[in-house]
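One structure below.
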Amino acid sequence: MRKLTDYTPTKFMAMDSRYDKTAADYAVGFIECLCHTKGTWAGKPFELIDWQERIIRDLFGVLKKNGYRQFNTAYIEIGKKNGKSELAAAVALLLCCGDGEERAEVYGCAADRQQASIVFEVAADMVRMCPALNKRVKILASQKRMVFAPTNSFYQVLSAEAYSKHGFNIHGVVFDELHTQPNRKLFDVMTKGSGDARMQPLYFLITTAGTDTQSICYETHQKALDILEGRKIDLTFYPVIYGAGADEDWTDPAVWKKVNPSLGITIGIDKVHAACESAKQNPAEENAFRQLRLNQWVKQSVRWMPMHKWDACSFSVDEKELEGRVCYGGLDLSSTTDITAFVLVFPPVDEADKYMVLPYFWIPEDNVDLRVRRDHVPYDVWQRQGKLETTEGNVVHYGFIEKFIERLGERFNIREIAFDRWGAVQMVQNLEGMGFTVVPFGQGFASMSPPTKELMKLVLEQKIAHGGHPVLRWNMDNIFIRTDPAGNIKADKAKSTEKIDGAIALIMALDRAIRCGNDAGESVYESRGVVVV
């Protein structure tokens with residue numbers, strides 16, 4: 001068997017998991033007993049390419065303490081012609097015929113029956129070319145079904161039209177081209193609880209990038225990206241994305257090589273070069289080239305804040321040194337079961353000073369453990385660090401927050417508190433009763449655009465200090481921006497796949513701090529104009 005010379009187990013391996021080389025070797029060996037089925041490769045042994053072997057070794061070789069596999073979901077996103085269908089077919093056969101599972105149910109899913117049949121037909125040809133499997137597998141071509149006699153296991157094709165069928169006892173699912181799913185119904189039926197009766201089900205999702213940012217594929221893409229970049233932790237989810245960044249040169253062969261790990265093996269560079277030249281001549285082809293060859297989500301919104309620039313503003317913020325200073329608050333209540341954020345912004349006292357930021361966050365105490373398991377976000381860690389407060393019960397206790405803000409008002413000179421005019425009516429009245437000046441703040445482009453652009457300017461110039469607060473950092477990293485035809489911008493909660501409450505509160509507080517400063521003098525907006533970013 002050929003060895004992967006630079007293989008090391010995935011960095012996403014849990015602390016109490018282990019890499020079982022024997023299990024990994026078995027999975028690789030099973031697949032490499034199969035043959036390729038198409039083109040110049042037809043009939044040749046299926047020798048896994050390094051990137052494919054790494055996936056197989058990680059998925060089938062990383063085991064929990066109980067001996068079962070750690071990962072039950074794999075998301076593989078890669079451009080066309082890199083060998084997706086062959087790898088998916090091999091995994092389906094391994095789960096059906098080589099996993100030792102009695103009466104295993106393995107399903108091949110796609111947007112329609114024809115698409116789902118592509119991987120099935122590859123798998124059927126692999127069976128026909130393998131004498132050992134051909135003796136033991138019965139192929140029912142008309143039903144798009146094959147049965148492995150020794151364990152009475154089967155591999156069956158399903159399509160999006162079959163989402164209403166329930167009662168599955170799934171050992172494996174192969175979703176081909178997840179981005180073509182018309183909705184999430186089939187995905188939910190096949191992945192939500194359908195494998196609970198199995199000890200180590202595997203949901204193998206393989207796709208190229210798509211164009212619909214409201215799709216189940218984009219939702220899963222974002223989760224994979226969040227795990228890869230450290231924003232989320234899910235030890236059961238295995239993410240692989242080969243794609244070009246939005247700022248990379250799509251005409252650069254070095255970029256093609258980076259995002260197409262099978263280039264020169266299953267893809268001829270001359271084919272990619274020809275497609276690129278055609279896209280240069282015909283702009284209408286550029287998006288197709290980016291999506292299919294470079295695996296870019298061509299219509300996706302992009303994360304707004306360059307986090308290395310944000311991290312460069314992690315200057316120390318000392319609460320005691322800020323006592324008595326003028327500041328402005330931003331309050332985003334969200335819902336009673338969600339994160340509530342209150343952010344104070346202290347305007348600079350001189351040219352050498354920075355805008356100082358003090359953020360505070362609350363969630364219901366009873367929901368912490370549930371949120372950690374459900375959202376895969378380390379709320380419990382932040383709570384222990386003192387970066388996130390909890391209020392008693394299963395909803396946010398607004399009275400607790402009001403008292404907290406009242407105590408802050410005894411320490412700091414809070415001139416104004418900005419809030420979303422569509423919520424917080426009772427709390428606003430209570431805060432006004434405590435003597436605070438509370439200012440309604442619209443969430444549309446007109447209100448949000450100037451301070452949002454100003455925030456970016458301050459970050460780029462390192463004229464803001466936030467102390468590296470981890471919850472606020474998470475919020476900032478989650479921001480997606482919407483732009484109107486006039487070039488105004490605002491944070492888009494609908495497209496921001498995770499919480500941005502602290503960022504919204506910061507933007508509102510910053511607006512008041514910029515407009516009012518340390519006295520009632522002229523606004524920066526009036527003297528200098530609105531920043532264009």
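Hydrogens, waters and symmetry mates are skipped; everything else that's a heavy atom, side chains included, is used. Along the sequence shown, residues are numbered consecutively beginning with 1.
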>> side-chain contact (heavy atoms from CB on, under 4.5 Å) for Phe441 and Leu331? Distances and angles first, verdict last.
In response: CA-CA 10 Å; Phe441 200 98; Leu331 178 64; over 6 Å; no

> How far apart are the C-alpha atoms of Tyr355 and Leu455, what are their side-chain angles, what is the distance that settles it, and do they pass the side-chain contact (heavy atoms from CB on, under 4.5 Å) test?
Replying inline: CA-CA 10 Å; Tyr355 284 87; Leu455 174 59; over 6 Å; no

>> Checking Glu248 against Gln296 for the side-chain contact (heavy atoms from CB on, under 4.5 Å) test, could you report, in this order, the C-alpha distance in whole Å, the side-chain angles of both residues, the deciding distance, and whether it holds?
In response: CA-CA 11 Å; Glu248 292 188 280; Gln296 290 181 320; 5.6 Å; no

> Going through the distances and angles, do Phe342 and Thr340 end up as a side-chain contact (heavy atoms from CB on, under 4.5 Å)?
Replying inline: CA-CA 7 Å; Phe342 182 67; Thr340 288; 5.9 Å; no

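Both tests pass for Lys354 against the ring of Phe315: distance under 6.0 Å to the centre and angle within 45° of the axis.
Counting heavy atoms from C-beta outward, Tyr328 and Ile514 have side chains that stay 4.5 Å or more apart. By the 4.5 Å heavy-atom criterion applied to side chains, Pro239 and Leu225 are not counted as neighbours. Between Ile206 and Val91 there is no side-chain heavy-atom pair separated by less than 4.5 Å. Between Thr390 and Ile363 there is a side-chain heavy-atom pair separated by less than 4.5 Å. Two residues are said to be in side-chain contact when any heavy atoms from C-beta on lie closer than 4.5 Å; Met508 and Ile504 meet this criterion. Using a 4.5 Å heavy-atom threshold, the side chains of Val357 and His469 count as separate. Here the side chains of Glu77 and Thr208 are not in contact, with every heavy-atom distance at 4.5 Å or above. Residues Arg54 and Thr10 are not in side-chain contact: their nearest non-hydrogen atoms beyond the backbone lie 4.5 Å or more apart.
Checking Arg184, Lys185, Met190 one by one against Asp188, the side-chain contact (heavy atoms from CB on, under 4.5 Å) holds for a single residue, Arg184.
Within a 6.0 Å radius of CD in Gln429, more than 12 heavy atoms belonging to other residues, nucleotides or ligands are found.
Of the possible polar contacts, none joining the Gln70 side chain to the Val62 backbone as a donor-acceptor pair under 3.5 Å is found. In terms of modelled atom types and a separation under 3.5 Å, the side chain of Arg325 and the main chain of Pro347 share a donor-acceptor contact. Without hydrogens or angle criteria, Asn394 side chain to Asp366 main chain gives no donor-acceptor distance under 3.5 Å. Side-chain N or O atoms of Ser314 include one that pairs as donor or acceptor with a backbone N or O of Asp311 at under 3.5 Å. Between the side chain of Asn82 and the backbone N or O of Ser262, at least one donor-acceptor pair lies under 3.5 Å. Side-chain atoms of Ser449 do not come within 3.5 Å of backbone N or O of Asn488 as any donor-acceptor pair. Side-chain atoms of Asn478 come within 3.5 Å of backbone atoms of Trp474 as a donor-acceptor pair (strictly under, hydrogens ignored). Asn295 places a side-chain N or O within 3.5 Å of a backbone atom of Ala209 that can act as its donor or acceptor partner. Checking side-chain atoms of His466 against main-chain N and O of Trp310 turns up a donor-acceptor pair under 3.5 Å. Asp332 places no side-chain N or O within donor-acceptor distance of the main-chain N or O of Gly502, the cut-off being under 3.5 Å.
Taken from CG in Asp226 to CG in Asp477, the straight-line distance is 7.5 Å, to the nearest 0.5 Å. Separating the CZ atom in Arg231 from the CG atom in Leu228 is a distance of 9.0 Å, to the nearest 0.5 Å.
Evaluation of the side-chain contact (heavy atoms from CB on, under 4.5 Å) rule for Asp369 yields Arg373 as partners, not counting sequence neighbours. Residues meeting the side-chain contact (heavy atoms from CB on, under 4.5 Å) test with Thr251, sequence neighbours left out: Asp249, Cys276, Lys280. Qualifying salt bridge (Lys or Arg N to Asp or Glu O under 4.0 Å) partners for Glu389, counting only residues two or more places apart in sequence or in other chains: none.
Taking the six-membered ring where the residue is Trp, the centroids of Trp297 and His179 are separated by 6.0 Å or more. Taking the centre of each ring, Trp382 and Phe361 stay at or above the 6.0 Å mark. Ring centroid separation for the pair Phe412 and Phe346 comes in under the 6.0 Å cut-off. A distance below 6.0 Å separates the ring centres of Tyr19 and Tyr7.
For the residue pair Gln222/Tyr218, the side-chain donor-acceptor check at 3.5 Å is satisfied. Under the 3.5 Å distance criterion, with hydrogens and angles disregarded, a donor-acceptor pair is assigned to the side chains of Gln426 and Asn430.
Contact check on Asp380 versus Arg371 returns no salt bridge, with no Lys/Arg side-chain nitrogen under 4.0 Å from an Asp/Glu carboxylate oxygen. In this structure, Lys403 pairs ionically with Glu406, as a charged nitrogen and a carboxylate oxygen lie closer than 4.0 Å.
Of all heavy-atom pairs spanning Ala341 and Trp362, the tightest one is C-CZ3, 4.4 Å. Heavy atoms only, all atoms of each residue included: Arg293 and Asn260 are closest at O-ND2, 2.9 Å. Lys257 and Leu263 make their closest contact through NZ-O, 3.4 Å (heavy atoms, listed as atom of the first residue, atom of the second, distance). Nearest heavy-atom pair, Phe71 versus Tyr238, reported as atom, atom and distance to 0.1 Å: CD2-CB, 3.8 Å. Contact record, Asp20 with Arg18: OD2-NH1, 3.1 Å, taken as the closest heavy-atom pair. Looking at every heavy atom in both residues, Met476 comes nearest to Met305 through CE-CE, 3.6 Å.
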